[in-house]
There are 2 protein chains.
Amino acid sequence: MSTRLRAGNHLDACAVLAERFQVWQASSFDLTLCPVRDVLDRVGDKWTTLMLIALTAGPMRFGALRRAVPDISKRMLTQSLRCLERDGMISRQVFPTKPPSVEYRLTPLGQSILEPLAQLVSWAEARHGDIKAARARFDASDKAAAA
Amino acid sequence: MSTRLRAGNHLDACAVLAERFQVWQASSFDLTLCPVRDVLDRVGDKWTTLMLIALTAGPMRFGALRRAVPDISKRMLTQSLRCLERDGMISRQVFPTKPPSVEYRLTPLGQSILEPLAQLVSWAEARHGDIKAARARFDASDKAAAA
DNA sequence: GGTGCTGGTCTAGAATAGAGACCACAACGG
DNA sequence: CCGTTGTGGTCTCTATTCTAGACCAGCACC
């Protein structure tokens, strides 16, 4: 299994990341060798993560996804889905009904990312207050400095 | 502590994400209520994650960060640093030397994200091969379909 | 025969990222 | 005395990317 780290073991996390960074740096951040920039770019892709999470509840059709994530444009929805499909995270199945319907579902690979993703979401929920507070502080002192 | 999940417990991850998604959906993805879109957007921001990881090794100055991440432009470096500072993930300290030097370091909040981030990096490293393979398959069948 | 539903594509306009010039200031070199 | 170097940025201009929305084919329903 990939994740050997226990919750709370911050030193391990730090060591792992520092070491990986050295390796990437040594290879000049070659994209084929740097999973962060190759993989995590998509994680923050604004839509892809949201769709993976939406699909945790089960397979969904194009229109259902569109309704589930209200403010996504069709174009970006298609693009995000294609991207996830290409990366093997979701599979696309067309049913020959009239009009044809298309169903998207998580693959095992797509399901396997849910776990680290859930950790990150938990972190985000736990620390969101801190972040908003930090922002408020920053904006306040920023405004004070500008005045 | 935020992360209650153990490695390998995929069902828990799934349940948590599905539940969170319901909540966000119910609130129409209000940004102040949806940590994923508020926090994880930055995680995938191409540069911010990389800088957090770079700073795991210790405090760094502007120029050092620039050298550590070779293909970032000054503009984006400044922007990313400001963003991280505003969110309370890093702190900025100016030394009154001539010319003044500026040192960036992780705050406790910034350090706390390293742990879930390391999990994601571990996942990425472990599955990067699978993803590349999936891409190759997709591109091959795509090309075949186009021909 | 109009209207709606399916899953998209295409095209313009807006927002954003990137490359690089520029800046002030002091030390250092010649 | 005057140009060069190094500091941490900002500014501008261009290139890419996102978004909104019109459009499409095909069939069912009325």
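Chain naming here is simple, since letters A, B, ... match the order of the sequence lines and numbering starts at 1 in each.
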## Note on the structure
Listed range with range, the stems formed with DNA chain D by at least 3 consecutive Watson-Crick or G-U pairs (under 3.5 Å) are C:1-30 with D:1-30

### Residue-phosphate contact under 4.0 Å: A/Trp47 side-chain N/O, D/dC18 OP1/OP2
no

### Query
Which pair of non-hydrogen atoms, one from B/Pro100 and one from B/Val94, has the smallest distance, and what is that distance?
CB-CG1, 4.3 Å

### Considering all heavy atoms, the nearest A/Ser91-A/Thr107 contact
N-CG2, 3.8 Å

### Task
Run the salt-bridge test on A/Asp38 and B/Arg135 with the 4.0 Å N-O cut-off and return the result as yes or no.
yes

### Whether A/Arg86 side chain and B/Asp139 backbone form a donor-acceptor pair below 3.5 Å
no

## Note on the structure
Separation of D/dT16 atom P from B/Lys46 atom NZ, nearest Å, is 13 Å

### B/Arg42 bridged to B/Asp45 by N-O distance under 4.0 Å
no

### Message
Measure CE/B/Met51 against P/D/dG8 and give the value in whole Å, please.
### Response
13 Å

### Query
Given atom CD1 of B/Ile72 and atom C1' of C/dA19, what is their separation to the nearest angstrom?
13 Å

### Message
For B/Trp47 versus B/Ser80, what's the shortest heavy-atom pair and its separation?
### Response
CB-OG, 3.6 Å

### Query
Is B/Asp71 salt-bridged to A/Arg37, cutoff N-O under 4.0 Å?
yes

### Task
For A/Met76 and C/dT16, give me the distance from atom CE to atom P, rounded to whole Å.
14 Å

### Query
Tell me: CG of A/Leu77 to P of C/dC10, nearest whole Å?
16 Å

### Message
Using whole Å, what does the distance between atom P of nucleotide D/dT7 and atom CZ of B/Arg66 come to?
### Response
10 Å

### Query
Starting at CG of B/Asp45 and ending at C1' of D/dT17, how long is that distance when rounded to a whole Å?
14 Å

### Message
Using modelled atom types and a 3.5 Å cut-off, is there a donor and acceptor pairing between side-chain atoms of B/Gln93 and backbone atoms of B/Tyr104?
### Response
no

### Summary
Applying salt bridge (Lys or Arg N to Asp or Glu O under 4.0 Å) to B/Glu103 and not counting sequence neighbours gives B/Arg105

### Message
Strictly under 4.0 angstrom, non-hydrogen atoms only: write out the protein contact profile of nucleotides 4-9 of chain C, one letter per nucleotide from the 5' end, B, S or -.
### Response
-BBBBB

### Task
In whole angstrom, give the distance that lies between atom CG of B/Asp41 and atom P of C/dA17.
11 Å

### Query
Phosphate oxygens OP1/OP2 of D/dA25: is one of them under 4.0 Å from a side-chain N or O of A/Lys98?
no

